[in-house]
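Working notes for the structure below.
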Protein chains: 2
Amino acid sequence: MKYDSDMQSLCPAAFSFQVIGGKWNLPLLAVLAGNETIRYNALKRELNGITATTLANTLKELIAHGVVRREAFAEVPLRVEYSLTESGRELVPLIEAIVGWGDRHLGK
Amino acid sequence: MKYDSDMQSLCPAAFSFQVIGGKWNLPLLAVLAGNETIRYNALKRELNGITATTLANTLKELIAHGVVRREAFAEVPLRVEYSLTESGRELVPLIEAIVGWGDRHLGK
DNA sequence: CGGTATCCTTTTAGATACTG
DNA sequence: CAGTATCTAAAAGGATACCG
């Protein structure tokens, strides 16, 4: 089995990786997993240290990959809610498994 | 639950991420998973497109994190063999689960 | 409130050349 | 064979300022 730099044979892995890779993707998914829905600024507060730029970019990526849903309500003040989609929720146990592995092997 | 930029509460996640993150870590682990032991240049051939620099760096990281083992044999020509450690092997099913998720949700 | 635009810094990976 | 050293390029993320 060969793995090309364009990752042809690892294409599903590359896709998964676009979803869980990146500095804030995992923390962001974790916060979303802990809330039915959550607003932009609440998300920003939970993710201590993230900038508006990065949060917006990360959300867009995740929405494009179909794991996050965005709902805007035409109220004043404007309200936007984010939540995990079905496939996003399927990812949660895997993320937990990864974190669990790290927990068991950190400094062992 | 809060997630700081220094990832205090996600420290195990950060550790896991140093292991599976990076462009070549996942492909490299996949090749190692498919072989009892494998030599440096064989690894380089399997990972089509990786440079010597990057392969060496990635291997060092993984060794430092305790998931890969390096054994050198004082022969002529020099022989060096790489293999997964126990904790490295424990990672394999998780990687497969991640790839499986990608497979199920790619273009869905 | 929920963003975008622009620019800048940091990180990551690749190219090339060379060594024990 | 199994790497290292040096430099360059590209990608990711952050700072600042501003808008509907």
Side-chain angles (χ1 to χ4, degrees), chain A residues 3-7 10 13-15 17-29 31-32 35 37-65 68-83, chain B residues 3-7 10 13-15 17-29 31-32 35 37-65 68-83:
Chain A
Y3 297 95
D4 263 273
S5 50
D6 58 13
M7 295 218 191
L10 261 176
F15 177 68
F17 224 69
Q18 283 166 25
V19 173
I20 62 167
K23 182 166 174 182
W24 291 100
N25 296 43
L26 220 46
L28 178 46
L29 289 169
V31 172
L32 287 168
N35 297 269
T37 74
I38 185 167
R39 300 176 65 167
Y40 179 87
N41 275 321
L43 215 37
K44 191 164 182 303
R45 272 188 301 275
E46 295 289 323
L47 297 165
N48 210 313
I50 199 171
T51 61
T53 315
T54 303
L55 177 53
N57 288 341
T58 308
L59 283 168
K60 274 182 195 163
E61 263 183 55
L62 293 177
I63 290 165
H65 289 124
V68 170
R69 174 173 33 237
R70 190 195 115 115
E71 291 174 284
F73 301 88
E75 301 172 359
V76 180
L78 186 54
R79 180 167 56 107
V80 178
E81 305 216 316
Y82 293 93
S83 55
Chain B
Y3 297 95
D4 263 275
S5 51
D6 57 12
M7 296 219 191
L10 261 178
F15 176 68
F17 224 69
Q18 282 166 26
V19 173
I20 62 166
K23 180 167 175 182
W24 291 101
N25 296 42
L26 220 46
L28 178 45
L29 289 170
V31 173
L32 287 168
N35 295 269
T37 74
I38 185 167
R39 301 177 65 167
Y40 180 87
N41 274 321
L43 214 38
K44 191 164 181 306
R45 272 188 301 275
E46 294 290 324
L47 297 163
N48 210 312
I50 199 171
T51 61
T53 315
T54 302
L55 178 53
N57 288 341
T58 308
L59 283 168
K60 274 183 195 162
E61 263 181 53
L62 293 177
I63 290 164
H65 289 125
V68 169
R69 176 174 31 238
R70 190 194 114 116
E71 292 175 284
F73 301 89
E75 302 172 356
V76 180
L78 184 56
R79 179 167 56 107
V80 178
E81 305 217 315
Y82 292 93
S83 56

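The figures here come from the full heavy-atom set of this structure, side chains too, leaving out hydrogens, waters and symmetry mates. Throughout, a chain's letter reflects where its sequence line sits, starting with A, and its residues are numbered from 1.
For DNA chain C, the residues of residues 54-65 of chain B within the heavy-atom distance limit of 4.0 Å (strictly under) are T54(B), sorted by number.
E46(B) has its CD atom 14 Å from the P atom of dA2(D), to the nearest Å. Rounding to whole angstrom units, CD of residue E75(A) and P of dC1(C) are separated by 13 Å. As rounded to whole Å, 13 Å separates atom P of dA11(D) from atom CD of Q18(A). Taking atom CZ of residue R70(A) and atom C1' of nucleotide dT4(C), one finds them 13 Å apart after rounding to whole Å. If you take CD1 of I38(A) and C1' of dG2(C), they are 14 Å apart, rounded to a whole angstrom. One atom, NZ of K23(B), and another, P of dA9(D), lie 17 Å apart when rounded to the nearest Å. Rounded to whole angstrom, the span from the CG atom of L47(B) across to the P atom of dG14(C) amounts to 11 Å. What separates CD of E81(A) from P of dG3(C) is a distance of 12 Å, to the nearest Å.
Note on Y82(A): only backbone sugar-phosphate atoms sit closer than 4.0 angstrom, heavy atoms only; bases stay farther off.
Of the candidates dG13(D), dT4(D), dG3(C), the closest approach to any side-chain atom of A52(A) belongs to dG3(C). Among dG3(C), dG13(D), dA2(D), the nucleotide with an atom closest to any side-chain atom of V80(B) is dA2(D). Proximity note for N41(A) (side chain, C-beta onward) versus dC1(C), dA13(C), dA2(D): the nearest is dC1(C).
One finds the OH atom of Y82(A) at 7.0 Å from the CG atom of L55(A) (value rounded to the nearest 0.5 Å). The structure places OG1 of T58(B) at 9.5 Å from CG of L43(B), a figure rounded to the nearest 0.5 Å. One distance of note links CD1 of I20(B) with CG of L29(B); it measures 9.0 Å at 0.5 Å rounding. Between the CD atom in E46(A) and the CG atom in L32(A) there is a gap of 10.5 Å [rounded to 0.5 Å]. In this structure, CG in L47(B) is found 6.0 Å from CH2 in W24(B), a value given to the nearest 0.5 Å. Once rounded to the nearest 0.5 Å, the distance linking CG of L59(A) with CZ of R70(A) reads 9.5 Å.
For the helix from dC1(C)-dG20(D) to dG20(C)-dC1(D), the axis fitted to the five pairs at one end and the axis fitted to the five pairs at the other end meet at an angle of 50° (nearest 10 degrees).
With the nearest nucleotide of DNA chain D identified for both L78(A) and T51(A), T51(A) has the one nearer the 5' end. Both N25(A) and R39(B) lie near DNA chain D, and the one whose nearest nucleotide falls closer to the 5' end is R39(B).
A52(A) is linked by a side chain to side chain contact (heavy atoms under 4.5 Å, CB included) to Y40(A), K44(A), counting only residues two or more places apart in sequence or in another chain.
Interface remark: the T53(B) side chain does not form any donor-acceptor pair with the dA13(C) base, using a distance-only criterion of under 3.5 Å.
When the side-chain nitrogen and oxygen atoms of W24(A) are compared with OP1 and OP2 of dA12(D), none of them lie within a distance under 4.0 Å. In terms of phosphate contacts, R79(B) brings no side-chain nitrogen or oxygen within less than 4.0 Å of OP1 or OP2 of dG3(D). Contact annotation: K44(A) side-chain N/O to dG3(C) OP1/OP2 distance is not under 4.0 Å.
Summarising the geometry of E61(A) relative to Q18(A), their closest heavy-atom pair is OE1-O, 3.5 Å, with the distance given to 0.1 Å. The minimum heavy-atom distance between N25(B) and G21(B), with the atom names listed, is CG-O, 2.6 Å.
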